[in-house]
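Okay, so here's the structure we're looking at.
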Amino acid sequence: MNKKTVEDIDVSGKKVLVRCDFNVPFDENGNIADPKRINEALKTIKYLVDHKAKVILCSHLGRPKGEFNPKYSLAPVAEYLSKALGQEVKMAKDVIGESAKSIAASLQDGEVELIENVRFHNEETKNNPDFAKELASMAEIYVNDAFGTAHRAHASTEGVSHYLPSVCGYLIQKEITVMGGALQDPKRPFVAILGGAKVSDKIGVIDNLISKVDTLIIGGGMAYTFLKALGHPIGTSICEEDKLELAKTTMENAEKNGVKFLLPLDNKVGKEYKPDTESMAVPSDDIPDGWMGLDIGPKTIESFTEAIKGAGTVVWNGPMGVSEWENFAAGTIGVAKAVAESGAISIIGGGDSAAAVEKLGFADKMTHISTGGGASLEFLEGLELPGIACLNEK
Ligand SMILES: Nc1ncnc2c1ncn2[C@@H]1O[C@H](COP(=O)(O)OP(=O)(O)O)[C@@H](O)[C@H]1O
Ligand SMILES: O=C(OP(=O)(O)O)[C@H](O)COP(=O)(O)O
């Protein structure tokens, strides 16, 4: 990679704004369910602390609607970081207000501050230049290490780079190097598995993947838009109505290109979106009214497992169902097991997919667990990620 890194710039005594992706999953008790994204950011933060920088950390968490919401506060992350670093991480009460700025101004060399969720301001996702300038005004150097958010051109991931010398951290470096290596000339057959719930974000990617992969497997919430596009009833399953045409074209393109395209054969459906809802397995062309697909069914697990067996490279992004809930985790467990046993070079992307693989104990069987879902997919498509493109060249 030809971008400058933290090692290419003198950080000693300087205020350094570091964009991390601390968008971690929480459990029902409000505890961090998987701290992987925080742990992966530690190398850069420790480097800056050891080299006597004044470290100002920032991140988003979830998708708050541009206003303060305690549910999306980064305070639990500051607590976790304080323990992991063995020193206090000073939590600001705001993003660019009095609290954030006064803590930043009083930081001593090697001290660390975490400002509040940047998405408490609408200007963040709009990449508003005035907001970016305000963020930048707290620091002298910008470090982007938020790989999971590098596909977003937001104020804290791209905008600030217009006002500060900008370099990347170790996590971004690692992600690009490992994934770039595996995907440059992928071992075949190349199998992509897509699931999860961010349908509109990821459905466009699928079309682009057709020229790259040999097999495309669609499960999770993603599948129902495709099943509906085929004319099947999908009950109350999640669906992107305005993407039905795109789903149809994608399936036609897959056929034209000789790509094996697999959708669920059956599904575990639930009455309500609840962990203990009444459930049953039904064929994909027969989801009854008032029921929603919350996991792939047993026949599908078999068919996906068969397709994954013998793969040379597997890229997997997005769980096969609501894997946070025991009743609807079987599909994700089955696919994780199949990938782990395939012996393929395996790249897992996405906060929820990574959390599922870790929780299920398959993490050490995978070649690489990326901290980015959407970001790793865009990287895989060959797109330039705006959060990386904006950094200074070597
Ligand atoms: N059939 C489904 N219906 C509703 N939500 C689903 C379904 N399948 C998966 N999900 C949800 O998708 C979420 C993860 O989606 P996404 O953010 O796209 O994946 P990742 O974080 O791995 O990139 C999980 O919270 C999971 O509960
Ligand atoms: O969780 C994230 O992405 P992912 O679900 O694609 O892995 C990133 O933190 C980006 O979050 P966003 O999709 O709300 O911009």
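This structure is a prediction, so every number in the text was calculated from the model and none was measured. Order of appearance sets the numbers: ligands from 1, and atoms from 1 within every ligand.
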shortest atom 7 (C) of ligand 1-to-protein heavy-atom contact is with Gly221 N, 3.4 Å
Here the gap from Leu209 atom CG to Asn253 atom CG, rounded to the nearest 0.5 Å, amounts to 12.0 Å
Taking only non-hydrogen atoms of Arg152 and a 4.0 Å limit, the atoms of ligand 2 in range are 12 (P), 13 (O), 15 (O)
(request) Could you tell me whether the side chains of Asn117 and Ser73 share a donor-acceptor contact shorter than 3.5 Å? (result) no
| Should we say atom NZ of Lys36 is surrounded by more than 12 heavy atoms from elsewhere, each under 6.0 Å from it? | yes
Any heavy atom of Arg119 under 4.0 Å from ligand 2? The part involved is side chain
Can you check whether Tyr80 and Phe22 have ring centres sitting under 6.0 Å from each other? no
Charged N to carboxylate O below 4.0 Å: is that the case for Lys248 and Glu245? yes
Taken to the nearest 0.5 Å, the spacing of Met292 CE from Lys271 NZ works out to 10.0 Å
In Lys54, Lys14, Lys52, the residue satisfying salt bridge (Lys or Arg N to Asp or Glu O under 4.0 Å) with Asp109 is Lys54
Quick note on ligand 2: atoms under 4.0 Å from a heavy atom of Asp21 include exactly 8 (C), 9 (O)
Test your reading of the structure: does Tyr224 have an N or O sitting under 3.5 Å from an N or O of ligand 1? no
For atom 11 (C) of ligand 1, the closest protein heavy atom turns out to be Ala197 CB, 3.8 Å
Using distance alone, with no hydrogens and no angle criterion, decide if Ser376 and Glu175 have a side-chain donor and acceptor under 3.5 Å apart. no
Logged contact type for Arg37 with ligand 2, heavy-atom cut-off 4.0 Å, is side chain
Are any of the N/O atoms on Gly62, whether in the backbone or the side chain, positioned under 3.5 angstrom from an N/O atom of ligand 2?
no
Looking only at distances, please establish whether an N/O atom of ligand 2 is found under 3.5 Å from an N/O atom of Arg63. yes
among protein heavy atoms, the one nearest atom 3 (O) of ligand 2 is Lys198 NZ, 3.3 Å
Near Gly318 (heavy-atom distance under 4.0 Å), the atoms of ligand 1 are 19 (O), 22 (O)
Ligand 2 N/O within reach of Asn23 N/O, cut-off under 3.5 Å: yes
Partner of Asp145 under side-chain contact (heavy atoms from CB on, under 4.5 Å), picked from Leu48, Leu57, Leu171, is Leu171
A student comparing Gly220, Ser323, Gly321 should find that the heavy atom closest to atom 10 (N) of ligand 1 comes from Gly321
CG of Leu265 to CG of Asp285, rounded to nearest 0.5 Å, is 10.0 Å
of all protein heavy atoms, closest to atom 11 (O) of ligand 2 is His60 NE2, 3.2 Å
heavy-atom search around atom 22 (O) of ligand 1 in the protein gives Ser353 OG, 2.5 Å
Would Lys4 and Glu393 count as a salt bridge (charged side-chain N to carboxylate O under 4.0 Å, His left out) if you check the C-alpha gap in whole Å, the side-chain angles of each, and the deciding distance to 0.1 Å? CA-CA 6 Å; Lys4 280 193 178 160; Glu393 303 275 331; over 6 Å; no
Inset, instruction - Quick one: sort the Phe379 and Phe147 rings into parallel, tilted or perpendicular, breaks at 30° and 60°. - result: perpendicular
Enumerate donor-acceptor pairs with a distance under 3.5 Å from any side-chain N or O in residues 130-141 to protein atoms, sequence neighbours excluded.
{"from": "Glu134", "atom 1": "OE1", "to": "Lys101", "atom 2": "NZ", "distance (Å)": "2.4"}
{"from": "Ser137", "atom 1": "OG", "to": "Glu134", "atom 2": "O", "distance (Å)": "2.6"}
{"from": "Glu140", "atom 1": "OE1", "to": "Lys15", "atom 2": "N", "distance (Å)": "2.7"}

Within 4.0 Å of some non-hydrogen atom of Pro319, the atoms of ligand 1 are 14 (C), 19 (O), 22 (O)
protein heavy-atom neighbour closest to atom 5 (N) of ligand 1 works out as Val322 CG2, 3.8 Å
Task: Contact check, Lys202 vs ligand 1, heavy-atom distance below 4.0 Å - done: yes
For atom 25 (O) of ligand 1, the closest protein heavy atom turns out to be Glu324 OE2, 2.6 Å
Original post:
Within the distance-only criterion (no hydrogens, no angle test), does the side chain of Arg19 pair as donor or acceptor with the backbone N or O of Asn144 below 3.5 angstrom?
Top reply: no
- Task: Answer yes or no: does an N/O atom from Leu294 fall short of 3.5 Å to an N/O atom of ligand 1?
- Result: no
protein heavy-atom neighbour closest to atom 14 (C) of ligand 1 works out as Asp352 OD2, 3.3 Å
Near Gly293 (heavy-atom distance under 4.0 Å), the atoms of ligand 1 are 1 (N), 2 (C), 3 (N)
In this structure, atom 6 (O) of ligand 2 is nearest to the protein heavy atom Gly374 N, 2.7 Å
Indicate yes or no: does an N/O atom of Gly373 lie under 3.5 Å from an N/O atom of ligand 1?
no
